[in-house]
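What follows is a single structure, written as structure tokens, with notes after it.
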Amino acid sequence: MDREQMLEELSEFYEGYLADIRNEAERMRDTGMPRLTEELFAIFEQTGDRGAYEKVYFQRRKYLAVFGLKAILDRQPADIRRLEEIISEICSEECWAVPAHVNRSEDREWRIYIDLFAAETAQALSEIVSVLEGEISETIRARVKEEVSRRVFMPFVKSVPPYSSWEYGTSNWCAVCGGAAGSAAMYLLEKDSEIQKRILERICHSLTEYYLKGFAEDGTCMEGLGYFTYGMTYFTGFADQLLRFSSGRMDLFRNRKLESIAAFQAKCYFPSGNTVSFSDGFRRDTFRAGLACYLAMKFPRAGIPPVARASGLNDDPNYRWMALYQTLIWTKQYLDRLRKGEILPPKENTARQVILPAAQWTICSSRSGAGMAAKGGHNGESHNHNDVGSFLYLIGEDLLLTDLGSGEYTRDYFSDKRYEHLCCRSLGHNVPLIDGGEQLCGKEYGCSGFFADGNGRTRIRFEKAYGNPKLKSLTRTLDWDAENGTLMVEDVFEIPDDLCSVRENLVTQRKPEISGNRIWIRGSRRACRITVDIPDADICCIPESFLNHKGIREDVFLIQWEVTGTGEDGKARSRFMAEECRFDESPSAERHPSV
């Protein structure tokens with residue numbers, strides 16, 4: 001994208017963002033915040049449903065975010081008075097953590113626990129009253145300091161490291177809890193006080209020695225693209241604030257992996273705006289414009305995804321303050337520097353095959369608008385799905401062979417029942433069934449060989465993912481045509497005579513049409529034809545469903561056929577090809593040309 005186009009698209013987004021802040025503030029000005037009640041809190045304990053309480057909790061955080069942004073943007077007394085009322089109400093909440101993260105039956109101190117959302121709340125309140133210092137009342141500022149100290153600073157400082165598993169963890173929790181608490185400490189505590197120094201020292205250690213080590217050496221966030229955004233929002237926010245706070249002495253950006261980490265995000269976007277949805281990811285994720293702009297200013301290799309996929313004010317149902325405020329200030333900084341010619345837009349990645357060798361991911365696109373992504377890895381990853389060897393296939397905006405991504409977050413979803421959810425088990429991924437069995441969960445069940453040549457070929461060996469001693473080897477080769485987006489898949493199974501069944505399994509959310517050895521899948525605009533290299537294949541379609549991240553039930557269709565026969569080498573081979581076809585090409589369309 002050239003400079004003028006980037007200026008135009010990003011400016012249009014930014015002006016729309018400012019308008020949304022002002023419009024939402026006017027709409028919400030005379031409405032009261034919903035109440036958090038004991039009845040709502042108890043629902044999770046009784047049923048495992050997180051949604052009822054969290055819907056109200058995050059609606060309250062929306063009030064804080066909207067009026068915090070509006071007050072900073074326009075500095076109007078009426079906005080500041082309304083903001084003070086909101087802050088006072090949030091400071092009066094019984095618990096800043098959510099029910100899913102505390103245990104009232106076993107922990108008498110459950111009201112004081114630093115989870116993701118308690119830390120986010122502390123950071124938001126601290127930043128808002130500090131940015132508006134001199135305009136917001138000293139009474140409110142003192143109340144914020146008192147509550148943040150009681151709920152976050154003192155419990156953390158008094159604890160023996162690690163405070164909780166997140167302090168020495170490698171997931172997004174480490175960055176969010178630590179980065180938010182550290183940011184609040186720089187805003188509210190006396191500079192260079194003993195308590196502030198202890199907090200910052202522990203958090204810097206946590207982020208550099210644990211959080212950043214959770215990324216693969218190639219920069220991949222194994223938890224999924226959305227968790228890259230979540231964790232890096234708070235890591236980057238804290239690191240930037242620390243750099244300025246210490247006058248350049250404390251620079252977390254010097255870590256050698258950060259340039260690769262910063263470049264990861266843009267690699268996960270196809271030109272259509274669809275995203276790689278591995279692990280608990282999303283099929284059409286959004287990105288934080290502020291974070292992307294900051295990383296692009298900081299690291300030459302960090303790209304900016306398609307601006308049309310930038311997250312607006314209301315795209316995050318949790319209304320995370322730090323990300324929303326970064327979009328307000330860092331997007332403007334980037335635009336100002338771009339206008340002055342101080343920076344150039346990131347170079348577009350024109351490679352038709354992006355390889356992330358440490359994570360064992362490959363992401364391909366074509367000149368025709370099609371895309372494919374495949375992965376090796378193992379089944380013990382953070383936010384794991386049993387998906388070693390799986391792939392997805394899309395044409396334009398239509399995801400035709402899908403990776404379902406994240407399911408609804410409930411108590412069961414993060415328990416030993418996780419793999420009863422279709423989106424997490426291997427049955428919900430484009431991988432075979434062996435003797436009727438699926439892949440198993442655990443780091444030992446993974447890929448034993450991964451190769452990608454940069455010209456469209458990927459080879460994955462993954463028999464170990466099944467834990468079935470009868471399966472001697474399973475190698476999947478995916479050949480990608482970067483011109484027309486045709487994908488050829490060959491699976492080679494080394495099997496003894498007593499292995500009963502090898503069955504291919506493909507996943508789509510569009511009801512397919514099947515005739516002989518051909519399968520047609522139509523999206524909203526584009527369509528594909530899959531040809532199975534077994535003329536008399538008995539292909540069936542099995543309807544399923546799953547609850548998506550928002551708790552909405554979606555249709556899923558499993559396309560399956562038996563792999564029969566072995567060659568002289570004792571190996572069975574299965575080949576199928578996916579390619580774009582005319583939208584009206586299918587048996588039903590031939591019978592009914594108006595389709």
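The pair R418-D280 meets the salt-bridge criterion, since a charged nitrogen lies less than 4.0 angstrom from a carboxylate oxygen. Using a 4.0 Å cut-off between charged side-chain N and carboxylate O, E85 and R82 make a salt bridge.
Interatomic distance, CG of L36 versus CD of E93, reported as 5.0 Å (0.5 Å rounding).
The cationic group of K298 lies under 6.0 Å from the six-membered ring centre of F253 and within 45° of the ring axis, placing it in a cation-pi geometry.
Judged by distance alone, with hydrogens and angles left aside, the side-chain atoms of D398 form a donor-acceptor pair with the main-chain N or O of S524 at under 3.5 Å. The backbone N or O of I140 sits nowhere less than 3.5 Å from a side-chain atom of K145 that would complete a donor-acceptor pair. Checking side-chain atoms of Y14 against main-chain N and O of L328 turns up a donor-acceptor pair under 3.5 Å.
A salt bridge (charged side-chain N to carboxylate O under 4.0 Å, His left out) check over residues 101-125, counting only residues at least two apart or in different chains, returns the pairs E38-R104, E45-R104, E94-R111, E120-R320. A ring-ring contact (aromatic ring centres under 6.0 Å, His included) check over residues 29-49, counting only residues at least two apart or in different chains, returns the pairs F41-Y53, F41-W110.
Qualifying salt bridge (charged side-chain N to carboxylate O under 4.0 Å, His left out) partners for E133, counting only residues two or more places apart in sequence or in other chains: none. Residues meeting the side chain to side chain contact (heavy atoms under 4.5 Å, CB included) test with V131, sequence neighbours left out: I72, R75, E127, Y325. The salt bridge (charged side-chain N to carboxylate O under 4.0 Å, His left out) check on E420 picks up nothing, with sequence neighbours excluded. For R288, the side chain to side chain contact (heavy atoms under 4.5 Å, CB included) criterion is met by T229, T233, L291, S311, D316, A323, L324, not counting sequence neighbours.
Atom CD of E12 has 12 or fewer heavy atoms from other residues, nucleotides or ligands within 6.0 Å.
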